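Reading through the structure tokens given below for one structure.
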Amino acid sequence: MSEEKRLDRLTSILKRRGFILPSFEIYGGISGLIDYGPVGARIKRKVTDFWLDHWINQGDIVEIDSPTITPEQVLIASGHVGEFNDLMTVCMNCNSTYRADHLIANIHDEPETIEISEMNEILTNKSIICLNCHESKWSPAKPMNLMFKTSIGAMKNQRVAYMRPETAQGMFMLFPSLYRHFRQKLPFGAIQIGKGYRNEISPRQGMIRLREFNMAELEYFIDPKNPPLEDLSSNNSLINFIPDPESGFDLEYNITLEKAFAMGLVKHPTVASILLKTWEFLAEIGIDTKRIRFRQHISTEMAHYASDCWDCEIFGEYGWIECVGIANRTCHDLESHEKNSNSGSKLMKAWRSFDETLVEKRIVISPKTSVIGPIFKQESGAVIEALKELEDDDNWPKKVELDNGNTVNITRDMVEIKEIETNISGEWFTPHVIEPAFGIDRIIWHLLDHSYEELVKEGEDYTMMKFNDKVSPIDAIILPLFEKDGMDKIASEITNIANSIPGVRVEMDTSKSIGRRYARADEIGVPWTITVDHISKEDKTVTVRRRDDQFQIRASIEEILHHLNNKSIGKMFLE
RNA sequence: ACGAGUGUAGUGUAGUGGUUAUCACCGGGCGUUGCCAACGCCUGAACCCGGGUUCAAAUCCCGGCACUCGUACCA
């Protein structure tokens, strides 16, 4: 089969077998929206369940769930409203489209904050020429909003809202509650799996750029002065790194994460830990690790909130595609929400105890209220307040201005000058956040891509999906060799018992020849097929076929059910 | 967003103004002692949507939608 049509063949099998299909197809379809069919939805469920477990296992990470509809203030604070309302302009001569703020970056200090009218003035005064055709005929600038806008409530009391462009804000909103939940001790994290929305200008590439997509994000809150580091030596797999070309490192490395951290390629210890854990997740669900790499963002590419960024890219039919973004968001979000929300000054902060309590000695000017009271009467309160601002310098008496504008004379005998000691046992600070953001659809796409194999079997084209047990849509298919002589009955008994085991899903297939049924099972990636034949009736044994090499063994039904329960059917083939 | 191309059963396709719309795989049923897409019979299923030209449109024209490619955009 020709290599260049592989993508077409894969896409059509995904549609035919119920993995991935265009949404709303009977109405013509909407680009950028897809459905997971019965087979695809099983895989997605398994991938996200496994993802959840992978992080929650760590013990200091919890799952949360928050709304997709998000009020405007939240996204103003996060910076998305500003960032997503880019002004666009089109060259009327050659139709090239540009972000207007990029065009005027050289002649304006803050191009991103500019108003439409000012932008249009700059564009019409002919100083900006098109990079493509060198003319200067610009269309009026138009805001391009990449968020879906909506409103909450009806009629007069509507509040502007957007469909969330990321799940992360949900975790930030819950920071105070999470901080309490974790007994006010960092580090801790919160994860969420859910939909995100981007009104893409032109979605392309199947499930790579979607308008509604599945995200899975972790916000890991840490003390920037004491960033946690996992044991990187536990995994010595070689991993591909592409550092920022401006960083002074070579173009490419294939080294362990432990080494990458030791040599300073990955600088932040927590980022290094999360890179490793991300890589392990992808490897375990069955992504080909040779086609995984971590690429560091160059400074201009970085998101508005991030201070350091690594993309985890996976290679497939569309080339290298960003599937996970790992960003150090620092204190950007928590700080901004604290400011914008009028929440208390400590609500978005954490407490850091010092190793030793500091004793701070200060000289204070302490008012003698018994003297001040009788002299200043009603103004006494204002005088005492004003004295807090004074510094001791032995120049007495002093002229002091009160809040009400009056100036009063303070003499030495009105105050007591004393040294006081304060114990300082710690301080409030805004935690930093390390965030891995997983594009679930993109990961599933590459899982499908990497699992899809085209072979030739006895001169015929033959395709299979080589999913491992963790992600295969169903665990096994039960096949009665013939649908008679009691074999169908045995098969449906096995099916019922197996399906009653929590977490185990099997199906029975009785239609058409045995070879065709094996082929169908292979095509949706079922790793094991269990065949009931004549002998089964006599000694309660059946055959188990391994998809990847068609090798078969015979075992008792009881033993197979036991291994299905333990997800260990593969072990039956060892010896 | 612009430009070019494409759109026929579930999938892949044939069909350049008049066909009962081609073929294959596919799905369903029945039969067949039949373990890797076997065979036989029966059966199911399509011209992207809307308008126009014409006696007559899958076919020509216009608009929309979707897909592919190029350019642009892409937290």
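Since the structure is predicted, the reported quantities are computational estimates derived from the model, not experimental observations. Note on naming: letters A, B, ... go to the chains in the order of the sequence lines (proteins, then strands), and numbering restarts at 1 for each one.
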Query raised in the report: Has the side chain of A/Gln552 got a donor or acceptor atom sitting under 3.5 Å from an opposite partner on the base of B/C35?
Result: yes
Requested in this report: Scan every strand shown for a Watson-Crick or G-U wobble partner of B/U53, both distances under 3.5 Å, and answer none if you come up empty.
Outcome: none
Requested in this report: For A/Ser511, answer base if it contacts any base atom (sugar-phosphate contacts may also be present), sugar-phosphate if it contacts only those atoms, and nothing otherwise; contact means non-hydrogen atoms under 4.0 Å.
Outcome: sugar-phosphate
Query - Identified pairing partner of B/A75, criterion: Watson-Crick or G-U wobble below 3.5 Å - result: none
**Report entry** Distance test, side-chain N/O of A/Arg520 to OP1/OP2 of B/G27, below 4.0 Å
**Finding:** yes
Query raised in the report: Without hydrogens or angle criteria, can the side chains of A/Arg554 and A/Thr541 be said to hold a donor-acceptor pair below 3.5 Å?
Result: yes
Query raised in the report: Salt bridge or not for A/Arg545 and A/Asp522, using N-O below 4.0 Å?
Result: yes
Report task. Determine the Euclidean distance between corresponding C1' atoms of B/A75 and B/C2; express it in Å to zero decimal places. Result -> 25 Å
Report task. Ignoring backbone atoms, establish whether A/Arg516 has a side-chain N or O less than 4.0 Å from OP1 or OP2 of B/G27. Result -> yes
Requested in this report: To the nearest Å, give me how far apart CD (A/Glu460) and P (B/C36) are.
Outcome: 14 Å
Query - Nearest-nucleotide pick for A/Leu481, side chain only, options being B/G70, B/A37, B/C35 - result: B/C35
Requested in this report: Test A/Phe573 against A/Trp528 for ring-ring contact (aromatic ring centres under 6.0 Å, His included), laying out the working first.
Outcome: CA-CA 11 Å; A/Phe573 286 78; A/Trp528 317 107; 5.4 Å; yes
Report task. Determine the contact category for A/Asp522: base if any of its heavy atoms lies under 4.0 Å from a base atom, sugar-phosphate if only primed atoms, P, OP1 or OP2 are that close, otherwise nothing. Result -> nothing
Between the protein and nucleotides 4-7 of chain B, list every N/O to N/O distance that falls short of 3.5 Å.
none

Report task. Could you measure between the two P atoms, the one in B/G29 and the one in B/A38, and give it in whole Å? Result -> 16 Å
Requested in this report: State, with a plain yes or no, whether a side-chain heavy atom of A/Met348 is found less than 4.5 Å away from one of A/Thr430.
Outcome: no
Query raised in the report: Below 4.0 angstrom from OP1 or OP2 of B/A37, is there any side-chain N or O of A/Lys457?
Result: no
Requested in this report: Write down the distance separating the P atoms in B/C42 and B/G15, rounded off to the nearest Å.
Outcome: 28 Å
Query raised in the report: Does a donor on one side chain sit under 3.5 Å from an acceptor on the other, for A/Asp533 and A/Ser536?
Result: yes
Query raised in the report: Does B/G34 have A/Phe482 stacked on its base, where the ring centres are within less than 5.5 Å and the planes differ by under 30°?
Result: yes
Report summary line: To the nearest angstrom, the CD1-C1' distance between A/Ile13 and B/C25 comes to 13 Å
Query - Identified pairing partner of B/U6, criterion: Watson-Crick or G-U wobble below 3.5 Å - result: B/A66
Report summary line: Between NZ of A/Lys15 and C1' of B/G27 the distance, given in whole Å, is 16 Å
Query raised in the report: Which base, if any, makes a Watson-Crick or G-U wobble pair with B/C26, both distances under 3.5 Å?
Result: B/G44
Report summary line: Which of B/C35, B/A75, B/G10 is nearest the side chain of A/Arg198? It is B/A75
Query - G-U wobble or Watson-Crick pairing nucleotide for B/G17 (cut-off 3.5 Å, both distances) - result: none
Report task. State, to 0.1 Å, how close A/Tyr162 and A/Glu72 come at their nearest heavy-atom pair, and which atoms those are. Result -> OH-OE2, 3.4 Å
Report task. Give a yes/no verdict on a cation-pi contact between A/Arg295 and A/Trp320, requiring under 6.0 Å between NZ or CZ and the six-membered ring centre and an angle within 45° of the axis. Result -> no
Report task. Check whether the side chain of A/Arg545 and the base of B/C36 form a donor-acceptor pair under 3.5 Å. Result -> yes
Query raised in the report: Rounding to the closest angstrom, what is the interatomic distance between B/C39 and B/A24 at atom P?
Result: 13 Å
Query raised in the report: A/Asp488 has an atom CG; how far is it from atom C1' of B/U33, in whole Å?
Result: 15 Å
Query raised in the report: Given A/Arg517 and A/Glu483, is the salt bridge (charged side-chain N to carboxylate O under 4.0 Å, His left out) satisfied, shown in steps?
Result: CA-CA 13 Å; A/Arg517 284 179 276 162; A/Glu483 208 178 352; over 6 Å; no
**Report entry** Closest to side chain of A/Ile514, choosing from B/C35, B/G28, B/G70
**Finding:** B/C35
Report task. May I have the step-by-step check of side-chain contact (heavy atoms from CB on, under 4.5 Å) for A/Ser492 and A/Met508, ending in yes or no? Result -> CA-CA 7 Å; A/Ser492 76; A/Met508 186 165 126; 3.7 Å; yes
Query raised in the report: On a whole-Å scale, what distance lies between the C1' atoms belonging to B/G18 and B/A58?
Result: 13 Å
Report task. Measure from CG on A/Asp533 to C1' on B/C35 and round the result to the nearest Å. Result -> 8 Å
Requested in this report: Between B/A9 and B/U68, how far apart are the C1' atoms? Round to whole Å, please.
Outcome: 22 Å
**Report entry** Nearest-Å distance for atom pair CD1/P, residues A/Ile76 and B/A75
**Finding:** 20 Å
Query raised in the report: Are A/Lys15 and A/Glu25 ion-paired here, with the side-chain N under 4.0 Å from a carboxylate O?
Result: yes
Query - Nucleotide of B/G3, B/U33, B/A37 approaching A/Ala519 most closely (side-chain heavy atoms) - result: B/A37
Query - Any strand: nucleotide that pairs with B/G34 via Watson-Crick or wobble, under 3.5 Å - result: none
Query raised in the report: Expressed as a whole number of Å, how far does the P atom of B/U32 sit from that of B/A45?
Result: 28 Å
Query raised in the report: Yes or no on side chain to side chain donor-acceptor pair (under 3.5 Å) for A/Thr330 and A/His332, after CA distance, side-chain angles and deciding distance?
Result: CA-CA 6 Å; A/Thr330 67; A/His332 171 273; over 6 Å; no
Query raised in the report: Between A/Arg209 (CZ) and B/C73 (C1'), how many Å, whole number?
Result: 7 Å
Query raised in the report: Which comes earlier along RNA chain B counting from the 5' end, the contact point of A/Glu200 or that of A/Arg554, where each point is its nearest nucleotide?
Result: A/Arg554
Query raised in the report: Expressed as a whole number of Å, how far does the C1' atom of B/C47 sit from that of B/U20?
Result: 15 Å
**Report entry** Minimum-distance nucleotide to A/Ser12 side chain [options: B/A37, B/U11, B/U33]
**Finding:** B/U11
Query raised in the report: Reckon A/Ser513 touches a base, only the sugar-phosphate, or nothing at all at heavy-atom distances under 4.0 Å?
Result: base
Query raised in the report: If you measure only the distance, is there a donor-acceptor pair under 3.5 Å linking the side chains of A/Ser511 and A/Arg520?
Result: yes
Query raised in the report: Considering only side-chain heavy atoms of A/Lys512, which listed nucleotide, B/C36, B/G28, B/G10, is closest?
Result: B/G28
Query - Nearest-Å distance for atom pair CD/P, residues A/Glu25 and B/C48 - result: 13 Å
Protein and nucleotides 64-67 of chain B: nitrogen or oxygen contacts under 3.5 angstrom:
unit_1	atom_1	unit_2	atom_2	d
B/C65	O2'	A/Gly28	O	3.4
B/A66	OP1	A/Ser31	N	3.4
B/A66	O4'	A/Gly28	O	3.2

Requested in this report: Assess whether atom NZ of A/Lys489 is packed by more than 12 heavy atoms of other residues, nucleotides or ligands within 6.0 Å.
Outcome: no
